[in-house]
Number of protein chains: 2
Amino acid sequence: MESGIERRSGVALWRQIADDIRAAIGNGVYDAAGKLPTEAALAAQFDVNRHTVRQALAALARDGVVRTVQGRGTELLPRARVSYPIGARTRFSAGLGGQVAKAATRFLETATEPASEEVARALALAPQTPVLRLETVGAADGTALSRATHWFDAARFAELPAHCAQSGSITHALKACGVGDYKRLSTEISAAPASRTDREDLGLQAGAVVLLTTSVNADQDGVPIQMSRSRFAADRVTLSVRNAPESGDRDGNGDG
Amino acid sequence: MESGIERRSGVALWRQIADDIRAAIGNGVYDAAGKLPTEAALAAQFDVNRHTVRQALAALARDGVVRTVQGRGTELLPRARVSYPIGARTRFSAGLGGQVAKAATRFLETATEPASEEVARALALAPQTPVLRLETVGAADGTALSRATHWFDAARFAELPAHCAQSGSITHALKACGVGDYKRLSTEISAAPASRTDREDLGLQAGAVVLLTTSVNADQDGVPIQMSRSRFAADRVTLSVRNAPESGDRDGNGDG
DNA sequence: GTTGGTTGTCTATAAAACTATACAAATCAG
DNA sequence: CTGATTTGTATAGTTTTATAGACAACCAAC
């Protein structure tokens, strides 16, 4: 049988199989039965030994995706992902409203540095202008969801770190710095295997995937005030783009 | 030195290291030098044998991320990703305008089936209503970028497949079916390791990552006409959300 | 209780990944 | 040219993955 599993690829067979089964579950392949095929059937399907399948199922069980019972088989468990809205008024805690009991931002580190080329461009500053760098972890109900780095014009937002430490929220700290309201200008979304630091910061296992976003916020006058690079644990978060009834864009045919 | 590399994780050490270096490059860590540290230095940093580092570098070189020359070291190569805009007027070919010479949609398969629960909800149809399913591959300059499944109301869009085959574009085919214009209502974005089928359809290696989007388009009257599930090769595509100056949302604080 | 189908565990073997060490070949600075 | 640095190649040993087969334990249906 066509298996499609790659050997010598740097990813163990059992992990490839686990990823495949996970994707199939996501596509609703097993929704009707509510359970997976037997280990023997999966072994035949992927053309591997049953032990290898068992290792894949054990990994899925560890992650709470399935549960397997001796004599019965392995059944699907209900999954829930937090949906994180991306829009003109994207904000962390408010965006999770209703989905989680407790959203919190933890501030890891603050530093002032000369702006890199990219940061300077995003914030419309001269290169090497001093910028404030803020490292944060966003968590919901005690589980880390995102790890982000934020940059601000150091001259304009010198007081920001103190306010952040006090209020525990960037939005509130910005308000204290005179930015009553702000808007998300753009968000670039990418994805990659979780790096070592991602795994440490977000408590992920090797082989996990992160959603990577680079975004820019602007104040009421349209002046960019904040550039952020965030890494979301992809198995815990979904990014959601909702288009307002009358917003116009100039892009490109739904064939994606 | 703290390495953070996980053994027995189902992902080979060299691949974890390659992913890590790739992420570091993406974060601009090596921009100043324009080249990576020596193999010996990397081996020390990750606390592995130099051979293991070499295998990681070989993988990065295969993917065109770096180039290594005996006696000199390994230098970064310039990278470019296609940016795919997501907005109210998201369309495939137009969205890539200027970035690529030739964008094309290949139609793999067409079928009519009873709507699943999810599809019926998205299209505001009664469950089990017959829906048209379209399987496509989006490519730019001969390289596959996305693999998508589209669903339409079969009654309203019976003629769609014929028009698609003729024009090679869903947008044009919709116009021929009386939908002069349409808008993207929502996009859910997720990410996951590429599954076997993803790798086959998009020509990816094991360990690759896909961006997963589920989106709904509506006609001028706001009636949902199309639901799509797309899988983008994450190392070739970036999704871009740009917010129009005056669109309003109700969500949540940039701390992401 | 019995039967058929399923998961759990054990032992043994083969293959691949990783380590350790040594030295050759290329580049660069002086 | 010379020497220091860096990548390329080779060999051998250890650890981890994957396979193979056999059988026990468990569940559900009859």
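A, B, ... follow the sequence lines: proteins, then strands. Residue 1 opens every chain. Keep in mind that the numbers below use all heavy atoms, side chains included, and drop hydrogens, waters and symmetry copies.
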For residues 111-120 of chain B, which side-chain N or O atoms pair as donor and acceptor with protein atoms under 3.5 Å away, sequence neighbours left out?
from, atom 1, to, atom 2, distance (Å)
E113(B), OE1, R133(B), NE, 3.1
E113(B), OE2, R133(B), NE, 2.9
E113(B), OE2, R133(B), NH2, 2.7
S116(B), OG, V119(B), N, 3.3
E118(B), OE1, R229(B), NH2, 3.0

Study note, to complete from the structure: Nucleotide by nucleotide, nucleotides 23-30 of chain D touches protein heavy atoms under 4.0 Å in the pattern (B base, S sugar-phosphate only, - none) --BBSS--

Check your understanding: Could you write nucleotides 12-17 of chain C as a row of B, S and -, 5' to 3', where a protein heavy atom under 4.0 Å of any base atom gives B, of only sugar-phosphate atoms gives S, and otherwise -?
Key -> ----SS

Expressed in angstrom and rounded to an integer, what is the separation of [X] atom [atom1] from [N] atom [atom2]?
| X | N | atom1 | atom2 | result |
| --- | --- | --- | --- | --- |
| H51(B) | dC23(C) | NE2 | P | 14 Å |
| N49(B) | dT16(D) | CG | C1' | 16 Å |
| E6(A) | dT17(D) | CD | C1' | 17 Å |
| E39(B) | dT5(D) | CD | C1' | 12 Å |
| R67(B) | dT6(D) | CZ | P | 19 Å |

**Study point:** Whether Q16(A) side chain and V11(A) backbone form a donor-acceptor pair below 3.5 Å
**Key:** yes

State which residues pass side-chain contact (heavy atoms from CB on, under 4.5 Å) with [X]; sequence neighbours excluded, sorted by chain then number.
| X | answer |
| --- | --- |
| L108(B) | R106(B), E135(B), V137(B), R147(B) |
| Q55(A) | W14(A) |
| A124(A) | P224(A) |
| T143(A) | R236(A) |

Review point. Closest to the T52(B) side chain: dT9(D), dC18(C), dT7(C)?
Key: dC18(C)

Review point. Where the side chain of R54(B) is defined as all heavy atoms beyond and including C-beta, which of dT21(C), dA20(D), dG8(D) is the nearest nucleotide?
Key: dG8(D)

Check your understanding: Taking OP1 and OP2 of dG8(C), is either one under 4.0 Å from a side-chain nitrogen or oxygen of T68(A)?
Key -> yes

Practice item. Would you mind reading off the bend of the helix from dG1(C)-dC30(D) to dG30(C)-dC1(D) from its two end axes, five pairs each, to 10 degrees? Key: 40°

Exercise for review: Report the C-alpha distance between E188(A) and S83(B) in whole Å, list the side-chain angles of each, state the deciding distance to 0.1 Å, and finish with yes or no for side-chain contact (heavy atoms from CB on, under 4.5 Å).
Suggested key: CA-CA 8 Å; E188(A) 286 287 322; S83(B) 180; 3.5 Å; yes

Point to revise | T197(B): partners by side-chain hydrogen bond (donor to acceptor under 3.5 Å, both in side chains), with sequence neighbours left out | key: S195(B)

Review point. Who are the side-chain hydrogen bond (donor to acceptor under 3.5 Å, both in side chains) partners of S190(A), not counting sequence neighbours?
Key: R81(B)

Under 3.5 Å, which donor-acceptor pairs link side chains of residues 31-38 of chain B to any protein atom two or more places apart or in another chain?
from, atom 1, to, atom 2, distance (Å)
K35(B), NZ, R72(B), O, 3.0
T38(B), OG1, A41(B), N, 3.1

Review point. Taking only residues two or more places apart in sequence or in another chain, which ones pass salt bridge (Lys or Arg N to Asp or Glu O under 4.0 Å) with D235(B)?
Key: none

